[in-house]
Amino acid sequence: MTAVGTRSSRERGDEAAVTVVGAGPAGLACAIALARRGRRVVVREWHDTVGHRFHGDFQGLENWTGSDDALEELRAAEIEPSFEHHPVYEGIAFDASGRSYHVRSKRPIYYLIRRGSGKGTLDHGLLQQALDAGVEVRFADRAERSAGETVLAGGPRSADAIAVGYVFDTDAPDGNWVAFDDALAPLGYGYLLIHGGRGTVASCMFTGFKRQGEHLARTVEFFRERCGLKMRNERRFGGFANLRLARTAVQGGHPVIGEQAGFQDALAGFGMRYAFRSGLLAARSIVEGTSYAKLWRESLLPWLRAGVVDRFLFNIAGVRGRRIVLDRLSRADAREALGRLYRRSLFTRILFPLAWLRYRAPLADPSCDHIDCGCVWCECGAEANAQGGAPSVIGGGHAWG
């Protein structure tokens, strides 16, 4: 099945098309940027639609890694936020003892968006923009070989963190809650997001995958007790994220972007802003004939390294350390305080080598032997192996307020 934009590829002349493998946020952002600069673009997506694995669940487009607003950053790249988006200025965080902390900011901490194929979702909005820009999108089209100018945006290759939860309908008022308790989400966090009668509740865990059912049940019960959570028409979802630092993010001479390159925040798993940025950098490298590896290492690597250091500190902080951080966060402008965690500093440069050495071990999950397992990673991995590819992240970029 092929979808062709309002300006067909034939109208762009006889130049060879740039192939983008994958129609996620990174791939579509890259395709839009290339098309707006007069390049012919063909996007090849192995699923039959965009947002195939999402169910309208809420996620967050973080707004603290950079001084510019995330939406203004997109507009500067000629990508309009034509999807539903809701700025979040405040929310409630809980520590492991159940104590609450009110966090707030003068500017949006993040933007609440929905993922999936339906109207109003991020994925549908980006697809429509790509088509309007003249991009040819081929669904149910597996790209097994790369020829000519190609950008790889096929999704993650392994699971370093997973999320499992429910999307649901509710009469509850809007709100944003997050809980840092290893009983709910080992080395991660549970979250509850409600807006306009829709909600998402989930456990985002960095270990303990095989006991995902227990963690999710505790997470739901926690938010029932603390926030009065009531769900109707709940539907379960799950997904995983691949967190790593690439050396070049170039494969066979082709730029690798988004989740396939492992461009995810190691601290909390946010990845959409990195997806957009890496897709735009890949487009720039093609248009200008510059090195993609050089571009992303200059623009993204400092943020990614800071995330590794932050993850290392989070893992060793324990209950008391996280409580201290939440207390300080509640006394400051949350967006500015979070931004400081990712800024370049002498401390980060000094600590990074140690954090990098310890980075993989805490993320590897020794709890799952992958035998008779129904965890998210095993289920998604089995599907990927059966179909010869890598599944898309579900819930990559979890959000809290």
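Counting begins at 1 with the first residue of the sequence.
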Exercise. In terms of side-chain geometry, is the basic nitrogen of Arg75 or Glu72 positioned less than 4.0 Å from the acidic oxygen of its partner?
Worked result: yes
For this session: Of all the heavy-atom pairs spanning Ala266 and Gly307, show the shortest one and how long it is.
Result: CB-O, 3.6 Å
For this session: Could you tell me whether Asp327 and Arg331 have a side-chain N and a carboxylate O separated by less than 4.0 Å?
Result: yes
For this session: Measure the shortest side-chain to side-chain distance between Tyr101 and Leu329 over non-hydrogen atoms and say whether it is less than 4.5 angstrom.
Result: no
Exercise. Are the side chain of His85 and the backbone N or O of Phe83 linked by a donor-acceptor pair below 3.5 Å?
Worked result: yes
Exercise. Less than 4.5 Å apart, any side-chain heavy atom of Ile286 and any of Tyr292?
Worked result: no
Exercise. Under 4.5 Å between any side-chain heavy atoms of Thr200 and Gln59, yes or no?
Worked result: no
For this session: Look only at the side chain of Asp310 and the backbone of Leu267, and say whether a donor-acceptor pair between them is shorter than 3.5 Å.
Result: no
Problem set entry | Non-hydrogen atoms of Ala337 and Ala332 that approach each other most closely | CB-CB, 4.3 Å
For this session: Please report the shortest heavy-atom distance between Ala306 and Thr348, naming the atom on each side.
Result: CA-CG2, 4.1 Å
Problem set entry | Neighbour count >12 (heavy atoms, 6.0 Å) for atom CD, Glu214 | yes
Problem set entry | Side-chain heavy-atom pair Val319, Asp95 within 4.5 angstrom cut-off | no
Seminar exercise, completed: The reported gap from OG1 in Thr207 to NE2 in His215 (rounded to nearest 0.5 angstrom) is 8.0 Å
Exercise. From Leu280 CG over to Ile257 CD1, what is the distance, rounded to the nearest 0.5 angstrom?
Worked result: 9.0 Å
Problem set entry | Salt bridge Asp182-Arg322, side-chain N to carboxylate O under 4.0 Å | yes
For this session: Applying ring-ring contact (aromatic ring centres under 6.0 Å, His included) between Phe270 and each of Tyr342, Trp64, Tyr189, Tyr110, report the one that passes.
Result: Trp64
For this session: For Glu149 and Arg39, run side-chain contact (heavy atoms from CB on, under 4.5 Å): C-alpha distance rounded to whole Å, both residues' side-chain angles, the deciding distance at 0.1 Å, then the answer.
Result: CA-CA 11 Å; Glu149 289 185 305; Arg39 297 300 301 266; 2.6 Å; yes
Exercise. Please walk me through it: do Ile79 and Leu126 pass side-chain contact (heavy atoms from CB on, under 4.5 Å)?
Worked result: CA-CA 8 Å; Ile79 297 177; Leu126 291 177; 4.0 Å; yes
Exercise. Got a donor-acceptor contact below 3.5 angstrom from the Arg335 side chain to the Asn63 backbone?
Worked result: yes
Exercise. Are the side chain of Arg114 and the backbone N or O of Lys119 linked by a donor-acceptor pair below 3.5 Å?
Worked result: yes
For this session: Would you check if the side chain of Arg218 reaches a backbone N or O of Ala183 as a donor-acceptor pair within less than 3.5 Å?
Result: yes
For this session: Check whether any side-chain heavy atom of Pro25 sits under 4.5 Å from a side-chain heavy atom of Arg115, and report yes or no.
Result: yes
Problem set entry | Test item: Asp160 side-chain N/O and Phe206 main-chain N/O as donor-acceptor pair under 3.5 Å | no
For this session: Return the minimal non-hydrogen interatomic distance between Gln129 and Ser82, and the atom names on each side.
Result: NE2-OG, 3.0 Å
Exercise. Could Glu336 and Lys106 be called an ion pair, given the rule that one side-chain N must be under 4.0 Å from one carboxylate O?
Worked result: no
Exercise. Roughly how far, to the nearest 0.5 Å, is the CZ atom of Arg36 from the CG atom of Asp132?
Worked result: 8.0 Å
Exercise. Going from CZ on Arg277 to CE on Met272, what distance comes out if it is rounded to the nearest 0.5 angstrom?
Worked result: 12.5 Å
For this session: Answer whether the closest heavy-atom distance between the side chains of Ile194 and Trp177 falls below 4.5 Å.
Result: yes
For this session: Flag yes if more than 12 heavy atoms outside Arg104 fall under 6.0 Å of its CZ atom; otherwise flag no.
Result: yes
For this session: May I ask you to decide if Ala275's main-chain N or O and Ser278's side chain share a donor-acceptor pair within less than 3.5 Å?
Result: yes
Problem set entry | Side-chain donor/acceptor of Arg37 to backbone N/O of Ala33, under 3.5 Å | yes
For this session: Give a yes or no answer on whether the side chain of Asp57 reaches the backbone of Val167 with a donor-acceptor pair at less than 3.5 Å.
Result: no
Problem set entry | Parallel, tilted or perpendicular, as decided by the 30° and 60° cut-offs, for the rings of Phe94 and Phe223 | perpendicular
Seminar exercise, completed: Closest non-hydrogen atoms of Ala159 and Ile162, given as atom of the first, atom of the second and distance, are CB-CG2, 4.3 Å
Exercise. Does Arg232 CZ have over 12 foreign heavy atoms under 6.0 Å away?
Worked result: yes
Problem set entry | Inter-residue atom distance Glu73.CD - Ser67.OG, 0.5 Å rounding | 9.0 Å
For this session: Could you check if a side-chain atom of Val103 sits within less than 4.5 angstrom of a side-chain atom of Val178, using non-hydrogen atoms only?
Result: no
For this session: Write down the atom of Val43, the atom of Ala31, and the distance for their closest heavy-atom approach.
Result: CG2-CB, 3.7 Å
Problem set entry | N-O pairing of Arg236 and Glu234 below 4.0 Å | no
Problem set entry | Within-4.5 Å side-chain heavy-atom neighbours: Asp69 and Tyr111 | yes
Problem set entry | Short N-O contact, Asp333 and Arg107, less than 4.0 angstrom | no
For this session: Check the pair Arg273 / Leu61 against side-chain contact (heavy atoms from CB on, under 4.5 Å), numbers first and verdict last.
Result: CA-CA 6 Å; Arg273 200 165 182 183; Leu61 176 60; 4.1 Å; yes
Problem set entry | Exam field: side chain Ser203 to backbone Leu184, donor-acceptor pair closer than 3.5 Å | yes
For this session: Test side-chain contact (heavy atoms from CB on, under 4.5 Å) on Ile92 and His102 and set out the steps.
Result: CA-CA 5 Å; Ile92 301 295; His102 187 188; 4.1 Å; yes
Exercise. Could you give the distance from CG (Asp265) to CD (Glu62), rounded to the nearest 0.5 Å?
Worked result: 7.0 Å
Exercise. Ring centres of Tyr274 and Trp303 under 6.0 Å apart?
Worked result: no
